[in-house]
Structure formats: structure tokens, C-alpha cells
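These notes concern the structure reproduced below.
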Amino acid sequence: MSRQGDGMTDAFSRRDALKRSFGAAALVCSFDLDRFARPTSKTAAARRLKASSVFEPFRAELPVAPVLRPVKRTAKLEQYALTMRDGLADILPGLETPILGYDGIYPGPTIRATRGVKVELRQINQGGRDLNVHLHGGVTEPGSDGHPMDHIPNGAERTYHYVNSQRAATLWYHDHSHGETSKTLFAGLAGFYIVEDPDEDDLELPRGEYDVPLMLQDRSFNADGSFRYRVDIDRGFRGDTVLVNGAIAPRMRVERRLYRFRILNAANARPFALKLGNGRPFLQIAGDAGLLPKPERRTVLTLEPAERADILIDFRSFGAGAKVVLSNADAEPTTSAVMRFDVVRGGKEEFRVPKRLRRMEQLPPVNERRTFPLNFHGLGNVQWEIDGLSFGMDRVDARPRAGTSELWTFVNNSSRTHPMHLHGYHFQIVSMNGKPPIAADAGWKDTVAVYPNQTVTVRPYFSDFKGRYVFHCHAAEHGDMSMMGQMEVVA
Amino acid sequence: VKRRLTVGAALAAGALATLPAAAPAATQTVFAQDSGGQLVWNPAALSIRIGDTVEWSMAQATGTHDLWVVPPGVDVHDTANQEAYPVKFPGDAPYSRRFETAGDWFYYCSLHGGREPGGMNGTIAVAGSGTGPSGGAPGRPVSNAPAPALNDWTAPATLEEGDNTAPLLTAVAVKRAGRGARVSFTVSEPGSVSIRLARKGRTVKAKRVRVAAAGTQTVLVRAAKRLKAGRYAVRVRAADAAANESRPARLELTIKR
């Protein structure tokens, strides 16, 4: 694609040739030769050095995805349109990365919906494959949920209806086509969908440019700039580079004041354990499905795939000129830096940290208890299973009654974490390995981490719609292969 | 530089020279390992002789693996003609197989992309007695994937830079002085100190002074008019050059007629 890409190919083919002809001893010498070589662009070493520096963290400014403008808007309805198509992203300096994105951009545009105002989202599939759209965390009718078997054929389109009757929350939309989510999510199909509630305005939380969505993902790259995917059914994909809003470990200029960050782990399978600076405290104000009862102090924020957390950082605890790294404590050296905040003087503070955020709703009594063992099937064709079964499109695994709550217990009999996600409904965590959840996990959620050999009980509330939805592991490779079940909520 | 290369070449040549002409059957071990976040078989290329055994060890494994062995000439996607071994977990006993047929064998883990170039796979060249590798075309995947660009950046050494320490404000005292108040304080670093004199919640006088160096200083805060009798709240706060602010010191001043 460019000179740099060709250079990398040369460098690697030379190394390969050395490996084959001289063996390991000669290869060691080749590194020594490289070290003493003059760094001109003619040497493979210089080209390799140049290529590796493209991963330098804190060089890119944090991009923020554009907010999608409605095609039409009334007091009760907003209409949007998006086209799923190929595009090119600028991620590595001097190279272009082919992506599959909403409107051809990566990450996709942000939709800011308002509680009580319906959204009609017309999705046009020019992606070259069958696709669909799932609004993750959305309380939507089954026909608009993006069931894996309910796809939009390539070249066709579909209008999804979102009622937005739920409480304000940070949601996201992504492809959910059967057995393909790991690849389409990896290719770039993901965007924020934020539900805002005018009733929450008097909380005086940061807004506008001080309310920033952060989409965390990991990727690997080829020398030509393209994404490099490597199958890993066991752990799920692990890339060697962290991207925030599509930029390599970027930096962001922040004023000495209060900010709200809506953080989404949109990685295929990588967990994040986020730490601010040397362990500075920050406040978590929301989980997957909306505000917590009150702000909770965190020093480490763990996010498994598909989980979200809204946090407040008060940059007044840093001096002007300070540089503060947000890092992943659960990472390899190359994936340790997530982003950096560069602190500058700020104007007058107009926002505040409220003491109370919301009142938790009372749940109807428990109507049913179900247990779902999660296990790995390793004989012949390997796959992940729920209750000893892979996904069956004609099989319904649970039939909850509408308007009731149930207790669902996930028993992880494997050595991998399973972030279990329910479509269409939210739940509260009852216990994690026998203990009540920490306060920050006690709000409404739609995805819960079930760690290796642990047991988690959640209490879903089958509130609004009736019909067929899926529940599954959101480590994308596990869900695709084939850790997914179906529920049908009946009258 | 030249000498190093010669030594390396000599080492390589020496290693080749010491290979016995007809070695007794041996066992070679391949380890499932984590290499910078990617799960691999190591070493990925083995050369053995007919009758030798290969063990795939799980002793250093961090992941769950299976093993597929592809005989010479068999396509990597032709799973019906491959040997499949069940899944093993870290610490399990190794897979073990004796090789009786010369040729280029391929093997892989199906959980970790082993059927694709760059995935968790490896080769075993099985040589006959003294005849060198032979047999059909290797079963390895065609390497048509673009070369990777590996991120070899290191973790950031520092997670916080800059002046993030607020100045300390101590020994704050206030006295009546003429039309206003005399405020003394000690600050730990240069910057500025702001003083606010208020009565019944209303600011009577506010003043901000530069502090050139750490130490003790006295400031006269003079109101426009003579202070009325009553209780005054005095708030003193220090800021440094990076705008870090101290906790405010709150004092009271009572003016009597």
C-alpha cells in the first residue's frame, strides 16, 4: 500500500530467510549487526524501527466519533439512517486500515437518543455479507433486537424501531450475525447509542464536551496497515495494541475540572482493569443499564467485553501541565497504556458530583430459578456450551413469564471468563461466588463477568416485551462457537 | 562485526557437524507457550529421524489446546485425513507420538488459529536413516497472509508526570489592623494566596497576593470603609504555579466598637 508497508515485508522476509538458512545462532548475529548498523532507511533494521514506532502511545489525539444527525425529527420520533459498508481508517501513521463500518467509519457514529422519543434507525447493508444490528442493552421488541438468525441480506435494508422507554444509559450497537460476530466486530462494526433523560438534568453531571464516550478495543496489525485477526477459540482474540475510539493509546487535553467518561469494552475478548495514574480514585456513576444509586469510589475499574461504566474524574486533583496515564493493569507490556490525559488550566466549574443519583426500582417476586453450567467441549469439534448444549435455533432454553423476575445462576466450569449477556432485559447481580456484589456492580446490568470456576446469580426482570431473545457469552469467539441460548418470554 | 558473524557461522556449522550419523531413537519436546500474548508451539520447527518420538508438553501452557497431526501431503483443511487428539489443559500429561514415516509433517492447535498461517502450528521434518527429509508436499497452510507488524512498545515507565501536589498552608493567623485585617501564613511553595473577608455571607474584601518563595508572609487586607462591628469569616487559600490549591484555612475575626 505504501513504502512503509513494502519495507516491513522486506524486513520480515529477510529475517525468515536468515532463520531458514543459518538457524538460531546466525539470527542472533543478525540482530547484533542490526544494532551496529547505521540507521539509514536502506537497512532492514531502520525500517523495522520505523515500523515499530507507529505503535508509540500518546501520539494521536483522542478522536471522538461524530454524533449522527437525524434525517427527520419530531417531538416523539427521530429517524436516522446508516449504511454498513467498507471504509478506510487512519490508525497507523502513513497507512490506511480497511474496515467494515457504519457509514464506513470506525468506530461508528454515536447516536444520542432521548428517553421517551422513539428512534427509527434505517440500516442499509452494503457490507458484502449478511449482517444485522443489535442494540446492546436496549429494551427493544424482538423484531428490532438483532436476533442472530434475523439478518439483513447483503444489498437489503431494514428499519429498526427503538422505543427508548428505558432509563438513561450508555448502550452500543454492533453486528450480531450468526457465528460471525467475532469477525464483524473486529472489522469495525460498533458504535455508541446513548440514551439521555431530561429528568436527570438537575443532577448537573458534566455534559457537552465534558461528557466523552471511550470505546476500548484491541487489535493486531499487518505491515500493510490492515487488521490482523488470529483465531483463538480458547481465550478469544487478543491483539497486541489498544485502541481508544479507533486510535492507538491516544492522548486527550483535559481542563482542570470534572469530566464524565462513558467507557465501553468493545474488545472481542480482552478484559480491561483500568487504573488512573498511580492508583488515583475516581467515581463510578453508572453501569451497563444506567445510573447507580449513588457515586461509588473506584481505584481499579474492571470491564469485561461489552460491559460499560460511566465514571467521573476530577482533574482538579492534578496540576496544570500534568500528564496522567489511564492504564490496563491486566495486560501485556504493549497493551498496558490505554490513553493519557494532558491537564491544562480550565474555566469555571459548572458541574457537580451529586450525592444521590437514582432510586432502584422494586422487583416483582422471583417466579423461577434456573441454573446454566458453562463448559468447554473438547472432543472432536471443540466448542463452548451452555448446559451441555451449543446454540440451537429451533430450541428454546428458557420460557420466563412476562412481568416476573427470576434467579439465573451461571456456573463456570471452565478456565476462561464468560461475560454473560441477556438481550432485551436487564438484571441485578444477586451474588458473585456466594458474596453480594460490590456496590458499583449492584445497579442494573445486562452483562456480567462469570470468572473461571466461579458461580454468579443474577435476577433478570422480564419487563417490557414478550418474544424470543438470545442470551450468550460476549467473549465474541465463545458466543460464535457456540455459547448461546434462547429464551422466549411468554404471557 | 565481522568477527561476530564468523563466530555465529562457526557455531551453526559446529552444531550441524555434531549430528550423529545414525542416532538411536530419541524424544524431542515441543512446548505450548505464551509468547507475548500469542499462544505458540515452541520450537515451531523440528527435525527428527524415523523412529523418534515427539512430545507436546502442557507443562508451560497457559491455554487450553488440542492437537491435530497432518501427515505429509494432506491438506490442512482435510480434517478427515488428520489425527485429532482431545483437548488438554495446562499441566496435563503431554501428547506423545512416534513417527515412522519420513516426510514433512504439520501439526496445529485448532483452538488457536492453527489452520491459518501465523496460528499455533509447527512442522516436523522426519528424515529416513541418513537420506534426509523426503515424502510428499508439506501439509502446512499456504503462507499468503501479509506479514505482521508487531507492536514491541514497552509499558509506560511513569503513569503520572507534573506537579500534582497541592501547596501546604500553615500557621494562618488574622488580626484587626486599621480599616481591615492583617493576615499571616506560611506556604510550602511559591504561587499565590487568596484571602477573602466576608460578613453575613457577603464579601467585604478579597485579595490575591503573589508568593515569590516558600515561607512566612504577612498581608494587609484593607476594606474601602472602616469595618463595622460584628463577626467576619476569613478564608485563606494557597495555589501553586500549576494551579494546585491548598485546603482553605477558615478563621474568624470579631470587630468590637
Side-chain angles (χ1 to χ4, degrees), chain A residues 8-9 11-13 22-23 25-26 28-29 32-33 36 51-52 54-57 92 220-226 228 230-235 238 240-241 256 275 277-278 280 316-325 327 331-337 343 345 376 378-380 382 415-416, chain B residues 1 4-12 14-16 34 36-39 43 45 62-66 79 84 86-90 109-116 118-120 145-156 158-166 240-245:
Chain A
M8 276 303 293
T9 314
F12 277 85
S13 59
F22 300 119
V28 169
C29 286
D32 272 347
L33 283 169
F36 294 122
S52 79
V54 301
F55 296 107
E56 183 180 351
L92 300 171
S220 290
F221 291 89
N222 290 312
D224 62 5
S226 57
R228 183 180 184 87
R230 193 196 200 226
V231 177
D232 189 334
I233 301 165
D234 172 20
R235 302 173 307 169
R238 296 293 163 99
D240 63 8
T241 302
R256 291 186 73 248
K275 210 179 90 178
N278 297 322
R280 298 281 188 140
R316 284 171 298 191
S317 56
F318 301 96
K323 292 176 167 55
V324 191
V325 174
S327 63
E332 304 79 38
T334 65
T335 51
S336 161
V343 184
R345 281 165 205 276
F376 183 68
L379 286 171
V382 291
S415 56
R416 296 297 173 207
Chain B
V1 170
R4 276 171 184 271
L5 184 65
T6 315
V7 171
L11 275 175
L16 286 173
D34 184 331
Q38 297 291 338
L39 303 194
T62 56
T64 308
H65 303 295
D66 64 0
T79 52
V87 158
K88 284 185 187 281
F89 297 91
C109 164
S110 78
L111 277 67
H112 294 96
R115 290 194 184 105
E116 294 161 35
M120 186 175 179
L150 301 176
N151 184 344
D152 53 6
W153 209 261
T154 51
T158 49
L159 301 174
E160 284 182 21
E161 281 174 44
D163 177 4
N164 299 320
T165 310
D240 65 15
N244 292 300
E245 287 186 319

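Side-chain atoms are counted along with the backbone in the values below, which use heavy atoms only and exclude waters and symmetry mates. Proteins come first, then strands; the chains are lettered A, B, ... in the order of their sequence lines, and each starts at number 1.
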Considering all heavy atoms of both residues, which atom of [X] and which atom of [Y] are nearest to each other, and what is their separation?
X: B:Asn164; Y: A:Ala322; result: OD1-CB, 3.0 Å
X: B:Ala147; Y: A:Arg228; result: C-NH1, 3.9 Å
X: B:Leu111; Y: A:Phe376; result: CD2-CZ, 3.3 Å
X: B:Gln38; Y: A:Ser220; result: NE2-OG, 4.4 Å
X: B:Val87; Y: A:Val382; result: CG2-CG1, 3.6 Å
X: B:Glu160; Y: A:Asn278; result: OE2-N, 2.9 Å

Examine whether an atom of [X] lies under 4.5 Å from a heavy atom of chain A, and if so say whether it belongs to the side chain, the backbone or both; otherwise answer neither.
X: B:Ala241; result: backbone
X: B:Thr79; result: neither
X: B:Thr154; result: backbone
X: B:Thr62; result: backbone

**OP:** Heavy-atom pairs under 4.5 Å with chain A are the metric here; pick the option from B:Ala166, B:Cys109, B:Gly119, B:Gly162 that has the most.
**Re:** B:Gly119
Original post:
Under 4.5 Å between any side-chain heavy atoms of B:Asp34 and A:Arg235, yes or no?
Top reply: yes
**OP:** Evaluate the side-chain proximity of A:Val325 to B:Glu161: yes if any heavy-atom separation is below 4.5 Å, no if none is.
**Re:** no
Subject >> CG on B:Leu159 to NZ on A:Lys323, rounded to 0.5 Å >> reply: 14.5 Å
**OP:** Kindly compute the distance separating CG (B:Leu150) from CZ (A:Phe55), expressed to the nearest 0.5 Å.
**Re:** 7.5 Å
Expected output: side-chain [X] to main-chain [Y] donor-acceptor under 3.5 Å:
X: A:Asp234; Y: B:Thr64; value: yes
X: A:Arg230; Y: B:Gly118; value: yes
X: B:Asp163; Y: A:Gly319; value: no

Which atoms of [X] are under 4.5 Å from chain B, going by heavy atoms: the side chain, the backbone, both sets, or neither?
X: A:Ser327; answer: side chain
X: A:Ser415; answer: side chain
X: A:Thr335; answer: neither

